Every structure is written in C-alpha cells, then in structure tokens.
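Both counts, for ligands and for their atoms, begin at 1 and track the order of listing. All values reported here derive from a predicted model rather than from experimental measurement. Just so you know, these numbers use all the heavy atoms, side chains as well, and skip hydrogens, waters and symmetry mates.
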Amino acid sequence: MSVTLNPGFTEVRTRFAPSPTGYLHVGGARSALFNLLFAKHNNGKFILRIEDTDQARSTEESLKMMIQDMVWLGLNWDEGVDPVTLKDMGAYAPYRQSQRLDIYKKVADELIANGKAYYCFMTDEELEAERARVKAINQNAHVESPYEMWTLDQAKAELAKGKTAVVRFRTKHLRKDYLLNDLIRGEVRFPSDMVGDFVLLRSDGMPVYNFCCVVDDYMMKISHVLRAEEHLPNTLRQLMIYEGMNWPTPQFGHISLVLDDDRQKLSKRKGAVACDQFMKDGYLPEALNNFMALLGWSHPEGKEIFSMDEMIKLFTLDRVNASGAVFDRVKFKWMNAQYLRAQDSQTIWNQVKPYLVAAGIHLPKEAGDAAWQMKSVETFKPKLEILTDAVALYQSLDDSKFEISDESNEALGWEPTKAVLTTWKNQIEAHATETFTEADFVAIENAVKTGANVKGKNLFMPIRVAVIGKPHGTEVKLLVPLMTKQSLLTRVNKVLAKLG
Ligand code: GLU
C-alpha cells in the first residue's frame, strides 16, 4: 500500500455515492472509476452507497439504470447493493440512505444532547424575514435563529406541544479556520464563518446530504473520499460535524470538473453525457474506462491506451490534475476505434449484429455463413469507430436500401457510361457462380475496360454507381465479394433504367 491512513483507519475504503435521480453521467462514472482504482491499487475496498434521501427525485428505475451502467463498465463494488437482487451486501448495511433514517436520528440526538446542535422552530415567515435581513447586510452574514439560545428543556416542551422543528448545527463558537489537505488540490483553508448554523434534519425528520454523508462515511469506515470538485464547499460543514462527533476524519480529494471543448461544464448540448447513451451508441466499456481515466489522470509513461489492470497497478493521486479535464469527443471515438479493431472478427460481428437487426438491415442470405461474416468485418473494420457506424456500412449491402444518389448524375451523363454499364451487366450475368472473389471483380473490371474501351474514372465511377448507387464510398472491389450476382444485376438494371 502506497498511502498513509489517517489515525483511526486500518484499511483503504472508498465509496461512490450516487443519488438515483437520473442517468449515470460520465462525470459520476469517472468518480466511481477513480474510487475503484484508488481502492484496488491500495488493496482496499470499494463501496457503492445509494444517497436516496431526496424522496421526491429518487427512483428505483434510476437506481437500476445506474447499476446496469456500472456493471457494463465493470466497475465492480465489494459492498453496497447487490447488482442483481438490489439487496444489501456487506457488513455495514443498509447501504441505502433511505433505510438508515433511524441511524441519522440517533446521531442528531447525540449532537443535540451535547449542545452541538439544537432544535429550531422558526416558521417559514420568520426564516424569510431573517434571510432578507441577512441579504441587506450583504456581508458574510448568515441566518440566525433565536432558538439557538433556548435550553434543551425549553425546546422539548415546545416539541411536546406538537410543534415541529429542524435540527441545526451550532457554528457560532467555532471561530477558526478549517484546514483541509486535499489530496488533489493541496491545502484548502475554510474560514468557519463561511457558514452559519446549518440544518442537519428537516422538520419532517429527513436528513440533509452533508449530515448523512458524514454519518455514513464514518460508519462505513470510509478512509478516502474522492468526489467531484463541486462538493468542496460542503467539506467545511462536513469537517464541523466530524469534529462535533469527535470522529476521525477521512482524507478528501476533490476531482476537477469534466468540461466540454468550450471549457464549460460538460453538458448534453454538445452530445451524449450519459454512460447509457455511450453504450447505445456503440462504445465499448473498456474504451470508456480508458478514456475516463485520462479525464484528469495521466499514465506515468504518457501512454494513451491501457487496460483496467494496468490502471489499477499505476493509479496514484499525485498524477491526478487539479484543473478541469476536457472531454474530447473526437479523441474518444478514436480511442474506441482502437479497442474495437483490436478484437477478433467473430467478437466484432457479435457486437455489430444487434445494431444491424435493430436498424432493420436485410443482408444477403450468405450473411448466415461464418465466412461471409468474417469477410464483412475485415472489409468494414477500417471504417468502424463505434458500433453504430456498422449500420451505414452494412446498409450498402441491403438491396432494399439501394438508391441512386444525385451525386451520380455527373458520371451517368458521361458518353461512354452506357457502354460501361451494359458490359458490366453482361459480365456479371456471364459469371459462372452466384458469388464473386476480389480476383473475379478485378477480372470483370478489366473485361469492361477492354470491352467498352474506357479507363480511369470513366470506368470505375459508373461501376461504383452500379454497385452502391454513388460515385464515392467503400471500394467496390471489397464490397462485391460480399454481394450476390442477383443483387448486382438488380442494381445495374435500376441504373440502366434511369439512364433510359
Ligand atoms: N450523492 C452525492 C452526489 O451524487 C455524493 C457526493 C459525495 O460523494 O460526497 O453528488
């Protein structure tokens, strides 16, 4: 293990703590990945905790989706909810905050009993007036509650009358700077008056994020909290709670934002951001993990392509950059292509096929043969960056999708084109077998060249139009061996009919 632990900790334990209120954003997945890499690099444990106290926004549907994406990525956790049954697995259950409400209540009671927190009975109107007062002062002022002065007995008497209260953490006496040695950002200093007496439990008893986060991180023995930079300001409140409970604090590392190429926070405006969408678009999980690792971390030898095992072996926080990481979509595609093409043809075919089926592509009956499948993959592989690219590529083999594009008009207008097409048709018709090899195609092309007495683009462009309906695109020499005599004849007849 290459890290030191804070006093009170015996092993590295990290967690990913998503709120199941939507899809798994690539920024969240990157946090999960970093936590997993850090834990595994240090022979530790990686925990999945579900922060579902926002009952209005949390859904089981979202939880299932997030879990499915994490499983797809292979970001396997040691404790948390079971990926299949969604039941708790691990010694610190329950792992869903909505099932831990009595735990938070107990801790809140302890803070209240020790004078670290108090019941606050301010009404909405009183709060609003206090907020207006604070705003008018326009400095580092915070909402002040008159109930901070109350004794616990006074408060209890009020509760006994059926009044409801929030529980606030008392901050007034904490007059000092809080120092955080952030593992990524270095020393961060928080003056305590950055915050006022903040809420721990709402009047309906629901805990707020900062409170349950601390309770759970402590109780689940989390030694290192690696999370998004946007939580940095929350850390002050969290440090205060640790101190109030006299609990050992974990170490924190705040990971920079993922940015779009305009250096704004990565958003849907520029393309997909959901892991689920990347999966649907035909990115491979290995490529996404590799790409996410480079969103802030760098390989010690500057390598771009590396496996999960290599990441685990090499991942240290000193190589994590504190400045924003740009999500370069072009590079991501390039990286995916590297992973995709490195696989054997059978694997690629198995990955591509569902996309073709979903797109309703009709392939020649030969496509049922393994030899055809492998040949097609070899043909299209150099153009395949993501699996969805396969649809347009294989579509050129679907007769029902054959169309003569407007781009073809120029070639169709050339004087020798009709002779080229007629000779081509005759040669195809005369071919002895139903299918063609690349050599067959070359021989036929040569025969057309002599027969129609043309060469260069006057020869190959009309042939291309006769095969794929357009003068540019995948080399026909490679496509013809994937097509049948009948298909080629259907196509050339359509072109000849157009020519009149
Ligand atoms: N539920 C919080 C989030 O999704 C977790 C933050 C944290 O890791 O402390 O942003």
Side-chain angles (χ1 to χ4, degrees), residues 12-39 44-60 62-67 69-70 75 77 79-81 92 94-101 104 107 180 182-185 188 190 195 198 200 202 206-242 247 249-258 265-267 273-276 292 295-296 317 320:
V12 168
R13 289 173 57 86
T14 64
R15 59 21 171 220
F16 176 51
S19 304
T21 55
Y23 52 78
L24 180 63
H25 188 281
V26 70
R30 195 245 337 224
S31 294
L33 174 68
F34 281 19
N35 276 289
L36 174 125
L37 295 176
F38 185 79
K45 295 272 179 336
F46 172 53
I47 289 107
L48 175 68
R49 182 173 75 225
I50 310 302
E51 303 211 324
D52 57 351
T53 52
D54 184 344
Q55 288 180 316
R57 293 176 59 225
S58 300
T59 66
E60 201 68 5
S62 158
L63 174 62
K64 283 184 191 152
M65 249 174 71
M66 287 185 162
I67 285 184
D69 292 347
M70 286 184 66
L75 302 178
W77 51 100
E79 294 170 27
V81 287
Y92 300 90
Y95 290 91
R96 294 190 194 208
Q97 290 187 329
S98 59
Q99 293 169 7
R100 300 173 62 80
L101 300 182
Y104 308 128
V107 177
L180 172 68
D182 192 279
L183 296 166
I184 295 166
R185 326 197 78 75
V188 184
F190 302 104
V195 296
F198 56 89
L200 300 177
R202 296 184 220 282
M206 285 309 269
V208 304
Y209 155 71
N210 280 308
F211 184 45
C212 14
C213 178
V214 169
V215 173
D216 293 347
D217 283 343
Y218 167 72
M219 293 196 171
M220 296 177 183
K221 296 194 165 46
I222 302 301
S223 65
H224 293 78
V225 173
L226 306 176
R227 63 181 170 205
E229 184 186 16
E230 59 203 2
H231 288 293
L232 187 60
N234 287 322
T235 312
L236 171 59
R237 293 183 182 84
Q238 299 188 6
L239 290 173
M240 288 173 163
I241 300 171
Y242 279 107
W247 283 342
T249 43
Q251 296 178 51
F252 293 89
H254 287 90
I255 312 167
S256 62
L257 283 180
V258 182
K265 190 177 168 185
L266 185 71
S267 81
V273 293
C275 292
D276 173 58
M292 288 193 301
L295 293 173
L317 292 176
V320 174

| Test of ring centre spacing under 6.0 Å for Trp247 and Tyr218 | yes
| atom 3 (C) of ligand 1: which of Gln238, His231, Arg227, Gln97 has the nearest heavy atom? | His231
| task | Please check if any side-chain donor atom of Gln97 sits under 3.5 Å from a side-chain acceptor atom of Tyr209, or the reverse. | result | no
| message | Taking the basic N atoms (NZ, or NE/NH1/NH2) and the acidic carboxylate oxygens, is any pair closer than 4.0 Å for Glu230 and Lys265? | response | yes
| Under 3.5 Å, is there a donor-acceptor pair between the Arg227 and Thr235 side chains? | yes
| When the aromatic ring centroids of His231 and Phe252 are compared, is their separation below 6.0 Å? | no
| Can you list the atoms of ligand 1 that are under 4.0 Å from a heavy atom of Cys213? | 9 (O)
| note | Among non-hydrogen protein atoms, atom 2 (C) of ligand 1 lies closest to Glu51 OE1, 3.3 Å
| field | Any Glu230 heavy atom less than 4.0 Å from ligand 1 | value | no
| query | N/O of Ala17 under 3.5 Å from N/O of ligand 1, yes or no? | reply | yes
| task | Look at ligand 1 and say whether Tyr209 reaches it with a heavy atom at a distance under 4.0 Å. | result | yes
| said: Could you tell me, atom by atom, which parts of ligand 1 come under 4.0 Å of a heavy atom of Arg15? | reply: 7 (C), 8 (O), 9 (O)
| With the threshold set at 4.0 Å, does a side-chain nitrogen-carboxylate oxygen contact exist between Arg49 and Asp217? | yes
